[in-house]
Amino acid sequence: MTAVDMRRAAPPRPGVARRSPAGPLLAVLWAGAAAVVALWWVDTASVAGAAGWLTGAGRLAGLLCGYACAVLVGLMARVPVLENRVGSDRGARWHAMAGRYTVCLLVAHIVLILTGYAAQDRASLWHEAVTVVLDYPDMLKATAGTLILFAVGITSARAARRRMRHEFWYYVHLLTYAAVFLAFFHQVSLGEQFNGEPVATAAWYALYLGVAALVVWFRVLAPVRLNRRHRLRVESVTREAPGVFSVVVRGRDLDLLGARPGQFFRWRFLAEGMAWTSTPYSLSAPPRPERLRITVKALGDHSAAISTLRPGTRVWAEGPYGALTADRAGGGRSLLIAAGVGITPLRALFETLPGEVTLLYRARSAQDLALGGELEAIARWRGAKVLYALNGPGGERPHITAESLRARFPGLPAYDVYICGPHGFARHVYEALRAAGSPDRRIHHESFEL
């Protein structure tokens, strides 16, 4: 599979554009927040004095924070409707946004509640904080959960994340589950909205148990079933370009995975020094009944170690994920725009997308063009076009602008455009396409962080 093999590839078929469920899902999430506010409103008696207003606002912030915690965990559960229809990069942005809301609501809850209690008891803020933590039921556990959430929030900030190893960030991030578990109990034991209210209490338990069931099913049981069933192992590793390697993975009945060109898996190679890290890599060729292929650029310790994998190494995979697939196209003309290792999912789509297809590949130099021979072979086979945007002799970068896109692709608004590359590149190209007249519904993109 390191050389292009069209004999077993599915021929191009007319695509069917599907409506993304992002809008309805967001509506459901906001409806849940509105229900939480309604719960607070119905069960809150008349408010009097500054202490009452502060305490009431603190309780509302606490309820919304509890709801946001459930949403945060749900967005981490890798539910297929999110990963495969909404898109993993959009789901990641939702998760990041939910995390920021959660931390802000948590801070508001703590400050407002303690200030309100201190005003009511005519005590200092420090005295009130110590009393609440040590004397109130389940507050020691809630305090531990709060500290963990703050740690997760700090390490998730982009500036901090860039300065730490991915493995460290990943395992700190997993502590979110422990934080939410520890904080849950004080919600039902101290929350006025749940005292003597069996319906509200049952609904809150149902929310958290439902989210926990999603996590157990999709992050634990489904991957165990996949790997027991398909028995994945490394078949070969091939150098494609400087620092770029393709890994062919062999397994049983891989067609039953339902993987599609453009999607990715989260891979864990059970080799020395790599078994504890799970990393997303896209399929760089259409999936076959017995083989999958990924192409990886050495950007960190884990990706650099890919070149040392030996045939026969066991592989643990989760997926498939991703919404950068052919069923989002209308079946007419498609433009694929890739930068760097973002070529990997677009190479698979270049072979299988229906209709007229053009690929624009951005790289520093000809030596950095991964899978270039395969792209040329596919272009000849299906009568498609490959265009390259390379740096000039003096290192000057070609500019992809609205004007250059309109000039090179007349009728651009009628194209389905697929973008994959670093976050900054994907954002720049997206804005250029919008300025050139491409509608949102025809721009399909996934980005990654370097």
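These numbers come from a predicted model, not from an experiment. Hydrogens, waters and symmetry mates play no part in the numbers below; they use all other heavy atoms, side chains included.
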Legend entry - Which atom of L292 lies closest to which atom of L254, heavy atoms considered: CG-CD1, 3.8 Å
Inset, instruction - Would you please say whether a donor-acceptor pair under 3.5 Å links the side chains of H95 and H173? - result: yes
Legend entry - Heavy-atom pair with the smallest gap, counting every atom of E318 and Y321: O-CE1, 3.5 Å
Legend entry - Pair D440 + R434: basic N to acidic O under 4.0 Å: yes
Legend entry - Donor-acceptor pair between N391 and R362 side chains, under 3.5 angstrom: yes
Inset, instruction - Examine the side chains of R266 and S278 and answer whether a donor and an acceptor come within less than 3.5 Å of each other. - result: no
Inset, instruction - Look at the aromatic rings of Y388 and Y361 and report parallel, tilted or perpendicular, splitting at 30° and 60°. - result: tilted
Inset, instruction - Considering non-hydrogen atoms only, spot the tightest contact between Y67 and V28 and give its length. - result: OH-O, 4.1 Å
Inset, instruction - Might you point out which heavy atoms bring A98 and L75 nearest each other, and give the distance in Å? - result: CB-CD1, 4.1 Å
Inset, instruction - Measure the spacing between CG of L349 and OG of S334 and express it to the nearest 0.5 Å. - result: 8.5 Å
Inset, instruction - Take the angle between the ring planes of Y205 and F184 and call it parallel below 30°, perpendicular above 60°, tilted in between. - result: perpendicular
Inset, instruction - For the residue pair F269 and W267, categorise the inter-ring angle as parallel (less than 30°), tilted (30 to 60°) or perpendicular (more than 60°). - result: parallel
Inset, instruction - Step through the shown structure and confirm whether more than 12 heavy atoms of other residues, nucleotides or ligands are within 6.0 Å of CZ on F218. - result: yes
Legend entry - Identified salt bridge (Lys or Arg N to Asp or Glu O under 4.0 Å) partner of R347 from the options E240, E376, E374: E374
Legend entry - Sidechain-backbone polar pair: Q263 side chain, G322 backbone, donor-acceptor under 3.5 Å: yes
Inset, instruction - Using distance alone, with no hydrogens and no angle criterion, decide if D416 and H444 have a side-chain donor and acceptor under 3.5 Å apart. - result: yes
Legend entry - Residue among Y418, Y430, F425 satisfying ring-ring contact (aromatic ring centres under 6.0 Å, His included) with H445: Y430
Legend entry - Aromatic plane relationship, W276 with Y171 - under 30° parallel, 30 to 60° tilted, over 60° perpendicular: perpendicular
Inset, instruction - Assess the side chains of S246 and T295: does a donor N or O sit below 3.5 Å from an acceptor N or O? - result: yes
Inset, instruction - Quickly, which of H230, E290, R288 forms a side-chain contact (heavy atoms from CB on, under 4.5 Å) with R250? Name it, please. - result: E290
Inset, instruction - Determine the minimum heavy-atom distance between T155 and W169, stating which atoms define it. - result: O-CD1, 3.3 Å
Legend entry - Short side-chain to backbone donor-acceptor contact, H428 and I400, under 3.5 Å: yes
Legend entry - Heavy-atom closest contact (L375 atom, V386 atom, distance): O-CG2, 3.8 Å
Legend entry - Short side-chain to backbone donor-acceptor contact, R268 and A275, under 3.5 Å: yes
